[in-house]
Amino acid sequence: MKIESLVKFLSKESSLEIYPDGQESAALFFRGRKILSISRVRIGKFDEALGLAGKLRKHLANDRICAEAESLNVIPFGCEYQVKRQWKFAGNTGELTVDIAADNGGAIDALTLEDVCFEGQVERVEYLLDGENSVRCSREKGIIYSGSLLPVMVRVTFADGVRAEFYNGDDFWRYRCAGNYPGGSAMHTLQLDENALRWTRQILILPEDAAVEKVPRRFKALFAVGTGEKVPAANDGEKLVLSGCFADNLRHREFRAFIRKLLPGTHALLEAASPCCCTQGSHVSRPGREVPHGVPGELFDEYIWGSSAMARKGGTLQINALIPGMEESVICSNLQTPPEEITLPETEEL
């Protein structure tokens, strides 16, 4: 398989670097400064950072406004765990999908997802806990939060005014997997020191005698960087207002039909009012069940598709996301600005 020595996505102000091996899987930069780093998973006693790189390749998509990459790492111990990642990057915002599987009949009985480290002099930390609709705020050094409830979103404001955000979702039910087992638990810790905020995400902690399903695990996340400046809505464009959970395919069809019928040179504005968490299982292909999920990832996908479609018409797209608890979201703020074209510097193969 093709293995790049480094994958780098460059836009006007930000860049994302993805690594084939080592302690970090990726790092996000803004105006040349490292803002956020994403480490590697730990499964039971085994650390992915000690594993082997099996694949890392990249490509551009959607008329060069979105860059994508795929990676594969193998932990050559125990039952040989495989960690596959898919990355998207557009408009100062990234999406990470990680698939974790145990080969040779093994099971995942303890799992810590990638540590997330916000690097720099932190002025303020805000976080939204699973089940809440308003953010908590802290400026204190030390352990800000330690508990089993999932921080759905963590946002940092640095001393220079730059903001960064990491969002666990939209598949909240996957992050709650410990609750499926008697005695299962999770532990999330936010710790702030002089130069960084580190977020440790222990998703699955089980008793030694637990009966564990031999199933793969998938988790999605979004991350973003920006200045947080509000972008006013244009007064001369075509506006579509949608309410309800945007994971419902009906909203996707309405949005895409709206974009397709617009004339060349139009500015399109989508106003999407959606709950922070919806439990309608039919939205995520599980009808008749309560399955908690969110929507920013759905909006990010439509931002990429819609921006590309409008650019081909000589127009633009702006998405105004109205989500309780995410009113000041960096991710949502970035959806209000058309994405810049991304370039891929040439790198060597390993």
Side-chain angles (χ1 to χ4, degrees), residues 1-9 15-29 34-58 68-89 94-104 106-120 146 151 154 164 166 168 174-175 177-178 186-193 195-206 212 216-223 347-350:
M1 296 183 182
K2 185 175 181 180
I3 304 179
E4 303 270 3
S5 60
L6 165 71
V7 163
K8 191 169 186 176
F9 301 150
S15 64
L16 177 66
E17 293 185 358
I18 302 168
Y19 311 115
D21 49 24
Q23 294 294 324
E24 295 180 355
S25 62
L28 180 64
F29 298 78
K34 188 175 183 180
I35 294 292
L36 184 146
S37 63
I38 302 171
S39 71
R40 298 192 180 272
V41 303
R42 296 181 292 281
I43 308 167
K45 299 177 293 183
F46 306 114
D47 190 335
E48 182 201 349
L50 301 176
L52 305 173
K55 176 175 70 174
L56 179 58
R57 59 189 181 188
K58 63 182 185 293
E68 300 183 7
E70 299 174 344
S71 68
L72 169 66
N73 292 77
V74 179
I75 302 174
F77 314 109
C79 56
E80 296 187 356
Y81 301 98
Q82 291 195 357
V83 183
K84 298 179 182 179
R85 291 187 178 86
Q86 299 176 63
W87 305 86
K88 289 183 182 179
F89 189 65
E95 179 184 83
L96 166 62
T97 302
V98 57
D99 289 283
I100 306 164
D103 285 352
N104 301 323
I108 300 170
D109 56 5
L111 176 61
T112 299
L113 292 181
E114 304 94 340
D115 289 355
V116 178
C117 187
F118 298 84
E119 304 197 15
S146 183
V154 175
F166 195 97
N168 278 325
R174 300 185 191 273
Y175 285 94
C177 60
M187 181 57 64
H188 300 271
T189 304
L190 297 172
Q191 184 163 358
L192 178 64
D193 61 27
N195 298 305
L197 171 73
R198 181 169 295 277
W199 179 6
T200 302
R201 304 183 294 160
Q202 291 180 276
I203 295 297
L204 186 60
I205 307 169
L206 295 179
V212 185
R217 302 286 181 180
R218 165 172 284 190
F219 301 93
K220 285 190 173 183
L222 294 177
F223 51 93
T347 57
E348 298 179 355
E349 292 186 28
L350 295 176

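In this structure, CZ in R201 is found 9.5 Å from CG in L111, a value given to the nearest 0.5 Å. For the atom pair Q202 CD and M187 CE, the distance stands at 7.0 Å (nearest 0.5 Å). The distance from atom CD1 of I38 to atom CD of E17, rounded to the nearest 0.5 Å, is 12.5 Å.
Residues L192 and F118 have side chains not in contact (no heavy-atom distance under 4.5 Å, counting atoms from C-beta outward). Annotation: side chain of L197 is in contact with side chain of V154 (closest heavy-atom distance under 4.5 Å). Contact of the V98 side chain with the R217 side chain is not registered, since no non-hydrogen atoms from C-beta on lie closer than 4.5 Å.
For the pair D193 (side chain) and A196 (backbone), a donor-acceptor distance under 3.5 Å is present. The main-chain N or O of A49 is never found under 3.5 Å from a side-chain atom of D21 such that the two would form a donor-acceptor pair. The backbone N or O of D115 lies less than 3.5 Å from a partner atom in the side chain of S39, making a donor-acceptor pair.
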#### Entry: Steps toward salt bridge (charged side-chain N to carboxylate O under 4.0 Å, His left out) verdict (R40, E114)
CA-CA 5 Å; R40 298 192 180 272; E114 304 94 340; over 6 Å; no

### Message
Working note: N73 + K55, criterion side-chain contact (heavy atoms from CB on, under 4.5 Å); need CA distance, chi angles, decisive distance, verdict.
### Response
CA-CA 7 Å; N73 292 77; K55 176 175 70 174; over 6 Å; no

### Query
Passes side-chain contact (heavy atoms from CB on, under 4.5 Å), L56 versus V7? Steps please.
CA-CA 8 Å; L56 179 58; V7 163; 3.7 Å; yes

### Message
As a quick check of understanding, evaluate side-chain contact (heavy atoms from CB on, under 4.5 Å) for Y81 and I108, giving each step before the final call.
### Response
CA-CA 9 Å; Y81 301 98; I108 300 170; 4.3 Å; yes

### Task
Test Q82 against I100 for side-chain contact (heavy atoms from CB on, under 4.5 Å), laying out the working first.
CA-CA 6 Å; Q82 291 195 357; I100 306 164; over 6 Å; no

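W87 and F223 have perpendicular rings, their planes meeting at more than 60° on a 0 to 90° scale where under 30° would count as parallel. Using cut-offs of 30° and 60° for the angle between ring planes, the F166 and W199 rings count as perpendicular.
Between E4 and R57 no salt bridge is recorded (no basic side-chain N to carboxylate O distance below 4.0 Å). D109 has no carboxylate O lying under 4.0 Å from a charged side-chain N of K45, or vice versa, which leaves the two without a salt bridge.
Side-chain N/O atoms of S37 and E119 include a donor and acceptor closer than 3.5 Å.
A salt bridge (charged side-chain N to carboxylate O under 4.0 Å, His left out) with D99 is found for one member of K84, K220, R218, R85 and no other, namely R218.
Nearest heavy atoms, A178 versus I203: CB-O, 3.6 Å. Pairing each heavy atom of F77 with each of L50, the nearest pair is CE1-O, 4.1 Å. For the residue pair F219 and R174, the shortest heavy atom distance occurs at CE2-O, 3.2 Å.
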